[in-house]
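Both backbone and side-chain heavy atoms feed into the values below; hydrogens, waters and symmetry mates do not. Values in this document were obtained by computation on a predicted structure and should not be read as measured data.
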Amino acid sequence: MTGAAGGERSRLVRALALSRRFHLYLARCASPRAADRLVTELSAELPRLGRADVRLVRLEPYSGRPEDTPLADGELADRVLVPLLDAPEELRGAIHLVDASRAAYADTEAWARLFALWNEKRNVLGPSRGEVVVMLPSALAPVFAAVAPDVWSIRSGEYTIEEDANARDAGRASGAQGALGVARVALPAMAGAGSVSGRFDDALLLVRAVPPLALFGGDLLVRPWIDDLLAARWAADPMSDLIQQRGLWGVAPSALAQRDLRRADDMLAVRYFDAAEELLAPLVELAADDRTELTAVALSELAIAIAAQDRADVAAAHGDRALKLIGVELGERSASTAVSPYVTAYVLRANALVHWCLGHLEYAEQLDQTLAAEFEAPAEVARWFVRSLITRSRLLRLAERGQIAAAREQVPALLESGPHTGAPQDEPVAERAIARIIIADLEFLSGNIDASIRELDHARVEGTVWPEEHASLARRCEVATALVEIVRGNEERASKLLGRPRTPQAPSHWREPEPEGGFRAAAFHAVTAGLLAMVTGDPGGASAWFESARGSIVDWGRWGLDRRSRLRAQLFVELLRAALQPEGDGAVAAARDLTRQAEALLGDTAEDHMSRALAVAAHRELARRLAGAGGGDARSAAQRAAALAQPLGNLGVPAWDELLRAAERAR
């Protein structure tokens, strides 16, 4: 046992070794993995310290449950309270471990009722009984103290049980009752690149450094910029087919241009980007002084269509031309422009999307601020409806830029803004659920894993009916919960949450409301399932899942507007796959390709801290591969990783600080 984590475990082990009668100890466990590690240490150390005859009875109600449903009072009573208070004679001197470390948010009330009932029956335990260790996640400790004050008051010691570097090597202790043994999962070694277990530590660090929405939730970020496209999918064609007759361009060119623009709207709404580009390019060429508004909108839509096809630099040129055409100056209210506020808003929003795709995050923020100034006074109704969308987008972009403290300041506004405010009974639950998903992402990034799970569990309960344009969020919320549980060390619950994989289907109708959502959810599921396979010692299964994720991301790319999060997800999967690859002739070349992808995604401004974390991981991977192959430039790759990691330090993200330290050590 090493470090602070080992020290606290050692203190508890010594206390139990010296005890010969009933004592109650509280162990605040950072994760289920930390609880497993504690049980392993107790099993190994107590016999060595003179208690070879002691029995350990682990009262853990989650093992063996087929579904991830909230615990029922009867389950808790049968598997925890009755065995604790009415143990058979042969186990009356045993050490009983009440293990709530895998408790989900939805189980809080059930555990509270169990603690309260235990408080009523507190006198049943006495000098004739053995010791009791209550293993709780941090969120349940105050609940225990509040509802069982008499039991709480007799505790003989409190211990904080953290994870340490060896914790992930330990398998889960088996058996809910009776004597405990510890099963260890043996992971095969990879020559020259460290063990799979060691590589998993790096993979898990990467998972903690780049939160789920940065990879699979870009639609929440870009929604304010494409909201009109979602509405356009139901719009009727404004012109009769008669207007297509030959010669009418000379009679009604504006009407024909408006019709083609509406058709382009439709193509963008259903994500037929190449078709939209074909319609819009001629409109831009036909620009005239009397059609400034039409040309500005056409340029903006062309920028969106081209950016979605991964030519964001070309798209930016069209967007900038539209800005100049309408005479907008960033950061100022442009009341003097000759175009309608709607056209101004459309141009600003399209440019914000395109420049976000390029990694110009501060510029996208400036465009949004200008848009807010445009609509500050006259459009109260519009602002009321879009405020929640803008607040969500701003919070996520602040996190992307590493401004974590500023993002946390936005949380009250996120909960208070938009159509979900008002009396609780009048609030659309889906709006609150989406807000909770975003808050969970921020908590995850901040290292508050229990709080992240609590918000996600809340969202899953509240989000009974998701918005049509975000139908896949229900599944993504479930998968996000599984991912965070893996990070917390609760692989069993993660497995249950992932137990219903869904095969992505192509849109069944050309006006499908969320055409890329199924593929996005499928990719997220496959990545998380692959990570679970890595944790549980199945590298072959992990590789298969990551290969499946690659295919879903390719399908997603045919429909998605949020290019930046898709490219992040693509690089993320490739980095996880690299951790499973053995040394070989192509390993160094593949690692070099990852660094090229990472540098390209980071872009010319290098503002995107999520992409920066991925770039650090890519250069560390290259340094490892070069060192394993005896390459002389391994040091150069390690130095590049350290240089990229420097801006990640001291921003309130523990994983970024850890990534910086790891990069510095290898330099």
Ion pair check, [X] and [Y], cut-off under 4.0 Å:
X      : Y      : value
Arg208 : Glu658 : yes
Arg577 : Glu574 : yes
Asp36  : Arg102 : yes
Arg460 : Asp457 : yes

[Y] side chain reached by [X] side chain, heavy atoms, under 4.5 Å:
X      : Y      : answer
Glu45  : Arg9   : no
Arg620 : Leu659 : yes
Arg550 : Val554 : no
Tyr62  : Pro32  : no
Val13  : Leu42  : yes
Arg625 : Gln581 : yes
Ser611 : Arg568 : yes
His360 : Asp604 : yes

For residues [X] and [Y], report the shortest heavy-atom separation together with the two atoms involved.
X      : Y      : answer
Ala613 : Leu206 : O-CD1, 4.3 Å
Val354 : Ala307 : CG2-CB, 4.1 Å
Ala276 : Ala305 : CB-CB, 4.2 Å
Leu532 : Ser495 : CD2-CA, 3.7 Å
Ala522 : Ser552 : CB-OG, 3.7 Å
Ala629 : Val588 : CB-CG2, 4.0 Å

Would you give the length of the straight line joining atom [atom1] of [X] to atom [atom2] of [Y], rounded to the nearest 0.5 angstrom?
X      : Y      : atom1 : atom2 : answer
Leu473 : Ile437 : CG    : CD1   : 5.0 Å
Leu576 : Met534 : CG    : CE    : 6.0 Å
Lys496 : Asn490 : NZ    : CG    : 8.0 Å
Leu395 : Ile404 : CG    : CD1   : 9.0 Å
Cys357 : Ile306 : SG    : CD1   : 12.5 Å
Asn351 : Gln366 : CG    : CD    : 12.0 Å

If we ignore angles and hydrogens, is there a donor and acceptor under 3.5 Å between the side chains of [X] and [Y]?
X      : Y      : answer
Glu599 : His619 : yes
Ser446 : Asn448 : no
Trp356 : Asp562 : no

Would you be so kind as to tabulate the donor-acceptor pairs closer than 3.5 Å made by side chains of residues 642-656, with sequence neighbours excluded?
residue, atom, partner, partner atom, Å
Gln646, NE2, Glu664, OE2, 2.2
Trp656, NE1, Ala209, O, 2.8

I'd like to know if the side chain of [X] and the backbone of [Y] have a donor-acceptor N/O pair within less than 3.5 Å.
X      : Y      : answer
Glu8   : Thr160 : yes
Arg436 : Ala459 : no
Gln410 : Arg394 : no
Thr481 : Cys477 : yes
Glu485 : Glu492 : no
Thr605 : Gly359 : yes
Ser43  : Val39  : yes
Thr595 : Arg592 : yes
Arg564 : Leu601 : yes
Arg37  : Glu163 : no

Check against side-chain contact (heavy atoms from CB on, under 4.5 Å), Leu213 and Leu221: CA-CA 9 Å; Leu213 291 184; Leu221 192 149; over 6 Å; no

Tell me, please, which residues at least two apart from Phe524 pass ring-ring contact (aromatic ring centres under 6.0 Å, His included). Phe216

If you apply the rule side-chain contact (heavy atoms from CB on, under 4.5 Å), what do you find for Ile453 with Tyr105, and how did you get there? CA-CA 7 Å; Ile453 291 174; Tyr105 167 78; 5.5 Å; no

Please step through side-chain contact (heavy atoms from CB on, under 4.5 Å) for the pair Arg33 and Val535, ending with a clear verdict. CA-CA 11 Å; Arg33 193 180 292 117; Val535 176; 4.3 Å; yes

Apply side chain to side chain donor-acceptor pair (under 3.5 Å) to Thr536 and Asp538, showing your working. CA-CA 6 Å; Thr536 53; Asp538 180 15; 5.9 Å; no

For Phe444 and Leu456, what are the C-alpha separation, side-chain angles and deciding distance, and is it a side-chain contact (heavy atoms from CB on, under 4.5 Å)? CA-CA 10 Å; Phe444 178 83; Leu456 287 169; over 6 Å; no

Take the angle between the ring planes of Trp545 and His525 and call it parallel below 30°, perpendicular above 60°, tilted in between. perpendicular

Please step through salt bridge (charged side-chain N to carboxylate O under 4.0 Å, His left out) for the pair Arg408 and Glu443, ending with a clear verdict. CA-CA 9 Å; Arg408 297 193 73 86; Glu443 296 288 7; 3.2 Å; yes

